[in-house]
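The structure appears below as structure tokens.
Below, all heavy atoms of this structure are taken into account, side chains as well, without hydrogens, waters or symmetry copies.
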Amino acid sequence: MTMQQRIETALAALGPNHLSVLDESHMHSRGLQTHFKAVLVSQQFDGLNRVKRHQKVYATLGDLMSEFHALALHTYTPEEWAKIDAAPASPTCAGGH
């Protein structure tokens, strides 16, 4: 199992509505499976500020945290996710009549 899969499996404990873990190691010089980005949408984040959300994720990952170098976290409640996940409004037509 890759580190990416191990992170995804661990984060599934938060009952995510959406979970995306990307291996961004190729963008850094520390080797393979060292840098990750996680987008996590969970009702468990409701009422928590960003720091508390991140602490919850770190606690969920536990010992796994020591096995990679960096994790960029993007945490949302389902309500927040619904707002940012909407398609942008179409631009006003500039065509003439």
### Query
Crowded around Asp63 CG? As in, over 12 foreign heavy atoms under 6.0 Å?
no
### Message
Test of understanding: clusters of I, L, V, M, F, W, Y form through side-chain heavy atoms closer than 4.5 Å, transitively. Do Leu64 and Leu73 belong to the same one?
### Response
yes
### Query
Measuring from Glu24:CD to His35:NE2, what's the distance to the nearest 0.5 Å?
9.0 Å
### Message
According to ring pair (Phe, Tyr, Trp, His ring centres under 6.0 Å), who are the partners of His54, at least two apart in sequence or on a separate chain?
### Response
none
#### Entry: Heavy-atom side-chain proximity of Leu71 to Leu61 below 4.5 angstrom
yes
#### Entry: Atom pair CD1/OG1 of Ile7 and Thr60 - distance to nearest 0.5 Å
12.5 Å
### Task
List in chain and number order the residues that pass side-chain contact (heavy atoms from CB on, under 4.5 Å) with Thr2, two or more places apart in sequence or in another chain; answer none if no residue qualifies.
Gln4, Gln5, Gln33
### Task
Spell out, yes or no, whether Val39 and Ile84 are grouped together once hydrophobic residues are joined by side-chain heavy atoms under 4.5 Å, including indirect joins.
yes
Donor-acceptor pairs under 3.5 angstrom involving side-chain atoms of residues 10-23: please list them, not counting sequence neighbours.
| unit_1 | atom_1 | unit_2 | atom_2 | d |
| --- | --- | --- | --- | --- |
| Asp23 | OD1 | Ser25 | N | 2.9 |
| Asp23 | OD1 | Ser25 | OG | 2.5 |

### Query
Are the aromatic ring centres of Phe45 and Tyr76 under 6.0 angstrom apart?
no
### Task
Report the residues that fulfil salt bridge (Lys or Arg N to Asp or Glu O under 4.0 Å) with Glu67, sequence neighbours left out, ordered by chain and then residue number.
Arg6
### Query
Side-chain contact, heavy-atom cut-off 4.5 Å: Glu8 with Met3?
no
### Inter- and intrachain pairs under salt bridge (charged side-chain N to carboxylate O under 4.0 Å, His left out), touching residues 41-56, at least two apart
Arg53-Glu80
### Task
Check the hydrophobic clustering (I, L, V, M, F, W, Y; side-chain heavy atoms under 4.5 Å; chains of links allowed) and say if Val57 and Trp81 are grouped together.
no
